[in-house]
Asks: 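Can you read through this structure? Questions will come right after.
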2 protein chains.
Amino acid sequence: MTPAIAQEGTGTSGGNMDVTTQIESFGACQAVTDMLSRVGDKWSMQVVMKLGEEPRRFNELRRAVDGISQRMLTRTLRNLERDGLVSRTVTPTVPPRVDYALTDLGRSLWMPVAELSRWVLENRVVIEAARAQYDLTIE
Amino acid sequence: MTPAIAQEGTGTSGGNMDVTTQIESFGACQAVTDMLSRVGDKWSMQVVMKLGEEPRRFNELRRAVDGISQRMLTRTLRNLERDGLVSRTVTPTVPPRVDYALTDLGRSLWMPVAELSRWVLENRVVIEAARAQYDLTIE
DNA sequence: CTGGATCCTATTGGATACTG
DNA sequence: CAGTATCCAATAGGATCCAG
């Protein structure tokens, strides 16, 4: 497995290029899509949001994220941890205690996601209306 | 319970509440997740990006988005159209001509997505490193 | 309490053939 | 050209049982 994405002197903080140009620069479009997929799955964002409020233990998190199965919570946390967005701290007591929290990277993701959240909140009604309209004209 | 995130007010539009509060206000968390799922699938963002450059016809789009199958391009466009993000204009000539373009709503989505794109571009190296590190320590 | 392992179903996406 | 229809493979996700 080669994670190796050609990471040349990536525009540290971009700076003067507009985003479109940046994206087309070196196949980063794919990276963006990948990240959206990662964070766009069924549970990741809800977990990140809950951890954004405060660090939580496994079962706390399970209760906080409504409807998530144990398996999916574990898998979601593992993915987020692997990406460096969430930290996992084990206290080897009996019974064991495991604390999850956002890392600095995870918190930094929070901001652009918050912008996206704002967009959704501002446009959800329009979107719902568009869907209803579309569904009408189709049938 | 306080959001660990400094929200820096931003309020690009209408929002006087901070995003965390908004999100928790009325189960919008789910709406955000839904939208991320919609836009986070394998092709939606790439299509939106290409249409953000300029309106395109079906097969133009197909060539522009590398690797997409005809079926998935159709489905992706239908979803985006249903959400009101993309417009579809049919010119009933022979052969038929169908033009796709971003709507105003679609273009407005482009901005927060650009922020997310910027974040990905700025942090992809860190993420790749985190993954490599994680993959090492587990095996 | 925190998960790993297993089994099963649903959804996603690709390949191909066909049509107005 | 711009799709639709069908079949198939891969993946995501849920339920359940087991273990340290």
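Numbers restart at 1 for each chain; the letters A, B, ... are given by sequence-line order, proteins then strands.
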Asks: Residues from residues 69-95 of chain B sitting under 4.0 Å of DNA chain C, heavy atoms only?
Replies: B/S69, B/Q70, B/R71, B/M72
Asks: Between A/K42 and B/Y100, which has a closest nucleotide on DNA chain D that is more 5'?
Replies: B/Y100
Asks: Locate the shortest heavy-atom distance separating A/V90 from A/R88; write the atom from each residue and the value.
Replies: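 Heavy atoms of A/V90 and A/R88 come nearest at CG2-NH1, 3.6 Å.
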Asks: Are B/L105 and A/L136 grouped together when hydrophobic residues (ILVMFWY) are joined by side-chain heavy atoms under 4.5 angstrom apart?
Replies: no
Asks: Out of C/dG20, C/dC1, C/dG3, which has the shortest distance to the side chain of A/N59?
Replies: C/dC1
Asks: Can you see which heavy atom on B/R56 is nearest to which on B/K50, and at what distance?
Replies: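 Closest pair (atom of B/R56, atom of B/K50, distance): NH1-O, 2.9 Å.
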Asks: Taking any atom under 4.0 angstrom from a heavy atom of chain B, which nucleotides of DNA chain D are the first and last to qualify, 5' to 3'?
Replies: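 Counting from the 5' end, contacts occupy D/dC1 to D/dT6.
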Asks: Does the B/R107 side chain pair with the main chain of B/L102, one donor and one acceptor, at a distance under 3.5 Å?
Replies: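 Side chain of B/R107 to backbone of B/L102: a pair is present.
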Asks: Taking all heavy atoms of B/I68 and all of B/R62, pick out the closest pair and write down the distance.
Replies: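 Minimum heavy-atom separation between B/I68 and B/R62: CG2-O, 4.0 Å.
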Asks: Tell me, with the steps shown, if A/V65 and A/L73 meet side chain to side chain contact (heavy atoms under 4.5 Å, CB included).
Replies: CA-CA 9 Å; A/V65 180; A/L73 179 53; 5.5 Å; no
Asks: Is it the case that the side chain of A/T103 and the backbone of A/G84 share a donor-acceptor pair, with hydrogens and angles ignored and the cut-off at 3.5 Å?
Replies: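 Yes, A/T103 side chain to A/G84 backbone: donor-acceptor pair under 3.5 Å.
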Asks: Can you tell me how far CZ of B/R38 sits from CG of B/L109, rounded to the nearest 0.5 angstrom?
Replies: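 Here the rounded value is 12.0 Å.
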